[in-house]
Amino acid sequence: PQEVLFIVTDGLNDELLNGAGRTYSPINTQANWCTTIKGRGIRIAFLYLTYNPLPTNAWYNTYIAPVQSQIAPAAQSCASPGLFFQVNTDGDISAAMTALFQKVIATAHLTQ
């Protein structure tokens with residue numbers, strides 16, 4: 001059997017640092033768990049909901065803007081080949097999820 005992990009996210013880690021505040025980083029940059037999962041033979045289907053810039057927001061400018069350009073590439077590198085989709089939050093998320101699911105099952109087959 002082929003296992004597939006579906007990830008639907010804005011592609012950002014939000015971690016509490018041992019009493020030292022929070023850190024925000026692109027997915028899979030602190031710990032390389034995507035490689036570990038794929039190394040176990042599990043495919044990763046990744047639906048990235050675009051993290052849109054908020055240039056007039058102080059919190060965004062302080063924490064997210066410095067890593068904004070790294071978010072989509074990190075999300076794509078986490079996905080298994082051909083199983084990365086990106087959709088804007090005002091886009092058709094349902095259609096993107098359906099398309100991703102169809103790509104996953106296109107290689108599926110039943111055996112006895």
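This is a predicted model, so every value here is computed, not measured. Just so it is clear, the values below take in all heavy atoms, side chains as well, and ignore hydrogens, waters and symmetry mates.
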Ignoring hydrogens and angles, tell me if any N or O in the side chain of [X] forms a donor-acceptor pair with the backbone of [Y] under 3.5 Å.
X	Y	answer
R43	L83	no
K38	C78	yes
S25	N13	no
N61	P55	yes

So which atom in [X] and which in [Y] form the shortest heavy-atom distance, rounded to 0.1 Å?
X	Y	answer
A96	F85	O-CD2, 4.3 Å
A72	Y48	CB-CE2, 3.7 Å
K103	G82	NZ-O, 3.2 Å
A74	I27	CB-O, 3.4 Å
A95	D92	N-OD1, 3.0 Å

Problem - Heavy atoms of other groups near R40 CZ, more than 12 under 6.0 Å - result: no

Handout entry: Heavy-atom neighbours of F101 CZ exceed 12 at 6.0 Å
Key = no

Exercise for the section: I would like to know whether V104 and F6 meet side chain to side chain contact (heavy atoms under 4.5 Å, CB included); could you show each step before the answer? Expected result: CA-CA 10 Å; V104 167; F6 279 81; 3.7 Å; yes

How far does [atom1] of [X] sit from [atom2] of [Y], to the nearest 0.5 angstrom?
X	Y	atom1	atom2	value
L5	I37	CG	CD1	5.5 Å
N52	I64	CG	CD1	12.5 Å
S77	F46	OG	CZ	8.5 Å
Y63	D14	OH	CG	11.0 Å
L12	Y24	CG	OH	8.5 Å
Q86	T50	CD	OG1	3.5 Å

Handout entry: T23 and E15 side chains, donor-acceptor separation under 3.5 Å
Key = no

Problem - Distance-only donor-acceptor check, side chains Q68 and Y60, under 3.5 Å - result: yes

Exercise for the section: For the pair L49 and V87, evaluate side chain to side chain contact (heavy atoms under 4.5 Å, CB included) and give the outcome as yes or no after the intermediate values. Expected result: CA-CA 5 Å; L49 307 175; V87 66; 3.5 Å; yes

Problem - Cluster link W59 to L16, ILVMFWY, side chain under 4.5 Å - result: no

